[in-house]
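Attaching a single structure in structure tokens format; questions to follow.
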2 protein chains.
Amino acid sequence: MKRTTIIDIAQSLGVTPSTVSRALAGNLRVRESTRKRVQEKALEMGYQPNIVAASLRRGKSDTVGMLVPRINRHFFSHVISAVEEVLNPAGFNLLICQSHERAEQEKQAIQVLLKNRVAGIIMSHAMETVDFEMARRATDERVPVVQFDRVNAAVPGPRIINDNFSGAYMAVKHLIRGGYTRIAHLTGSLSVNVYSERFKGYKYAMEEASLDCGEMVFEGAITRETGYEKALWLIKNRKVDAFFCAGDHSSVGTMQAIHEFGLKVPDDMGVVGFANEPFAGFITPQLSTVEQNAYDMGHRAANALIRIINGNPLPGIDQEEVVPVRLLVRESSMRTPINNTI
Amino acid sequence: MKRTTIIDIAQSLGVTPSTVSRALAGNLRVRESTRKRVQEKALEMGYQPNIVAASLRRGKSDTVGMLVPRINRHFFSHVISAVEEVLNPAGFNLLICQSHERAEQEKQAIQVLLKNRVAGIIMSHAMETVDFEMARRATDERVPVVQFDRVNAAVPGPRIINDNFSGAYMAVKHLIRGGYTRIAHLTGSLSVNVYSERFKGYKYAMEEASLDCGEMVFEGAITRETGYEKALWLIKNRKVDAFFCAGDHSSVGTMQAIHEFGLKVPDDMGVVGFANEPFAGFITPQLSTVEQNAYDMGHRAANALIRIINGNPLPGIDQEEVVPVRLLVRESSMRTPINNTI
DNA sequence: TACAAAAATACAAACGATTGCACAAAAAAC
DNA sequence: GTTTTTTGTGCAATCGTTTGTATTTTTGTA
């Protein structure tokens with residue numbers, strides 16, 4: 001019970017496989033009537049082209065590799081979805097891998113994608129990753145790489161990033177306007193671009209307002225638990241009156257810590273997060289946060305890749321494309337009523 | 001600048017490609033010393049095996065197709081992640097497609113997977129789908145299909161489903177214990193197994209308690225908006241005092257409607273949802289809901305597929321495998337304090 | 001030293017499509 | 001009615017592996 005091939009179709013029609021191939025490809029060198037006959041026969045025999053064989057022969061596959069730290073994170077799953085939305089109509093499929101935030105798994109995943117001869121790779125790096133050699137090697141092997149969100153300039157190709165600086169700047173400035181002055185910053189490793197950019201935005205806003213931010217920045221505080229711990233320490237030892245957290249999870253931990261001190265958000269302390277996780281608008285008090293446009297990012301990444309594959313890269317191919325973010329002002333930072341969006 | 005092939009390695013070593021192939025595959029028919037030489041040379045030349053060619057020759061690929069309604073839904077993204085966790089170590093990769101809940105896209109996605117000669121398919125049907133012919137055809141072509149969550153018996157192969165009946169039964173019984181008697185049910189299309197099972201559980205619990213459930217069941221209410229509308233209508237016209245919603249989104253809409261009537265949850269009206277979406281524990285009042293174990297489901301689906309691919313299907317291969325669910329009792333249904341889990 | 005058995009390698013044919021080139025038949029031009 | 005051009009097909013090589021079979025080399029034994 002073998003699957004039908006173009007050879008089977010050719011034989012049952014008394015032509016050669018080449019003609020069948022051309023007919024199915026819509027090649028104009030085959031007569032209209034033959035094309036019809038072939039197409040009908042193909043349908044009749046339930047023919048499914050073997051893309052594997054075609055890829056081998058053509059030396060190019062129509063599969064695009066996608067590599068993310070975790071598929072099930074809200075942000076990443078939405079980027080994936082957006083990428084798929086663009087790539088599918090263009091005739092590409094997605095081979096998806098996750099690195100689980102591990103540098104080693106990221107490396108292996110890239111190798112897997114290369115072994116599968118993907119037409120290109122869209123990826124976001126693991127937190128751990130400091131060696132970008134493997135991603136660079138992909139480009140050496142003529143496999144275009146588009147990075148998004150967590151990017152590194154050591155890898156050639158387009159980089160689509162959120163406007164982390166502006167998001168952070170807007171968030172902190174908003175806190176300052178609300179009258180908060182001792183604003184702490186909880187974030188992740190500053191060797192990761194997203195966090196270093198957010199830190200820069202924070203710092204810029206603080207300095208612009210001539211506020212001191214010494215000893216109020218913590219790097220390893222990105223989960224709910226670490227956010228809770230660091231916030232506890234800061235409240236106790238640094239007289240802070242607001243927090244700008246580089247993530248929503250640590251914001252929740254922070255609010256928990258504030259609550260335990262018998263203080264109120266936002267009256268006693270303001271909190272602004274980053275990412276607008278699904279729960280951010282539902283918690284009490286509702287969390288002000290910086291919204292990232294995952295869809296926009298996914299669309300841009302996919303389009304950038306398609307342009308490269310088609311050989312029409314934009315002029316500034318190796319430059320960063322910045323996706324705007326929005327500050328969502330909710331209850332957790334709203335000491336005085338103001339507009340809902342800045 | 002061609003990529004190195006086993007032929008290149010063979011030539012630079014003065015052996016044949018077959019030997020190289022066998023050496024790299026760890027075949028014991030090749031001498032230890034040759035194997036070493038080959039492996040070193042392969043490393044030196046930066047050889048990346050061409051899986052496409054290997055797949056063609058072997059007639060089987062190590063790619064598994066995964067088809068879900070939407071990648072970015074909390075439940076599905078977690079199932080995908082779990083599947084990946086099992087499949088990756090087993091040497092498989094995931095080709096992922098989404099149907100966007102459209103029957104036509106589901107059909108096309110299956111064709112894409114078949115054209116890519118995937119080793120198997122793990123899928124959950126779109127809401128729309130009523131014709132399961134294409135999925136069945138996959139199995140005809142010897143591509144094993146494992147269905148999960150939204151399944152249909154018309155397609156041969158394992159079906160991994162949540163214990164929708166028990167979940168619904170527990171939820172409704174819990175409401176009844178809390179003293180609620182006029183319990184309405186908002187759900188999706190009853191032609192989808194997950195909803196029909198939940199409805200059965202609801203009905204069974206109601207009848208067991210000799211409660212009437214006439215004219216209190218609505219099918220097309222699964223989003224926040226439709227949940228809001230139907231709830232509004234029910235409160236106005238049917239004197240209901242509780243809602244069992246087949247999803248968390250419609251639960252939110254329901255609570256909104258209740259709130260608008262000036263009634264309190266849970267004191268005046270109880271609400272229980274289904275799915276335990278990320279926001280469920282964060283909203284006010286916290287939503288009682290039925291938790292599905294996406295990870296468990298993903299693991300089981302992946303393992304079932306691997307067993308089939310390896311030719312060791314379990315005896316009851318065509319039977320359903322039921323994943324237990326948990327009722328999470330939170331504030332929205334807790335008129336009187338009881339245990340947090342039943 | 002010769003010879004059988006065992007071990008290691010070579011040969012060559014797949015897998016299923018694509019595609020440059022050759023070639024026939026038909027159409028157009030002279 | 002030739003010659004030239006156009007048009008439609010066929011031929012055969014190719015993509016990079018894998019693998020059954022043949023062949024060589026090595027090893028062991030008499």
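Throughout, protein chains are lettered first and strands after them, A, B, ... in sequence-line order, and every chain is numbered starting at 1.
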Spacing between B:Ile7 atom CD1 and D:dG16 atom P, to the nearest angstrom: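 From B:Ile7 CD1 to D:dG16 P: 7 Å.
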Closest heavy-atom pair and its distance - A:Ile122, A:Ala302: CD1-CA, 4.0 Å
A:Leu13 CG - D:dG10 P separation (whole Å): 10 Å
Gap between atoms CG and C1', on A:Asn116 and D:dG16 respectively (whole Å): 14 Å
Spacing of A:Lys60 atom NZ relative to C:dT19 atom P, expressed in whole Å: 15 Å
Residues A:Glu141, B:Arg3; criterion salt bridge (charged side-chain N to carboxylate O under 4.0 Å, His left out); working and verdict: CA-CA 7 Å; A:Glu141 301 198 8; B:Arg3 292 213 260 237; 3.2 Å; yes
Residue-phosphate contact under 4.0 Å: A:Tyr47 side-chain N/O, C:dG16 OP1/OP2: no
Residues from residues 16-38 of chain B lying under 4.0 Å of DNA chain D - heavy atoms: B:Ser18, B:Ser21, B:Arg22, B:Arg29
Atom pair distance, as rounded to whole Å: NZ in B:Lys115 and P in C:dG16: 17 Å
Between C:dC15 (C1') and A:Ile51 (CD1): distance, integer Å: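 Rounding to the nearest Å, CD1 of A:Ile51 and C1' of C:dC15 are 16 Å apart.
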Nearest heavy-atom neighbours spanning A:Ile71 and A:Gln98: N-OE1, 3.0 Å
base_contact_polar (D:dT14 base, A:Arg57 side chain, donor-acceptor, <3.5 Å):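 By the distance-only test, yes, there is a pair.
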Reference residue B:Ile6; test side chain to side chain contact (heavy atoms under 4.5 Å, CB included); the match among B:Thr19, B:Thr16, B:Leu24, B:Val15: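 Among B:Thr19, B:Thr16, B:Leu24, B:Val15, the one that satisfies the side chain to side chain contact (heavy atoms under 4.5 Å, CB included) with B:Ile6 is B:Leu24.
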Protein-nucleotide distance (A:Arg117, atom CZ; D:dG16, atom C1'), rounded to Å: 9 Å
Sugar-phosphate only, base, or nothing, as touched by A:Val15 at under 4.0 Å among non-hydrogen atoms: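 Touches sugar-phosphate only.
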Member of B:Glu104, B:Glu106, B:Lys107 meeting the side chain to side chain donor-acceptor pair (under 3.5 Å) criterion with B:Thr129: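 Result: among B:Glu104, B:Glu106, B:Lys107, B:Glu106 is the only option passing the side chain to side chain donor-acceptor pair (under 3.5 Å) with B:Thr129.
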Residue pair B:Asp149 / B:Asn162, side-chain donor-acceptor N/O under 3.5 Å: yes
Gap between atoms CD1 and C1', on B:Ile6 and C:dA12 respectively (whole Å): 13 Å
Spacing of CD belonging to A:Gln108 relative to OG belonging to A:Ser99, to within rounding of 0.5 Å: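 Answer rounded to 0.5 Å: 11.5 Å.
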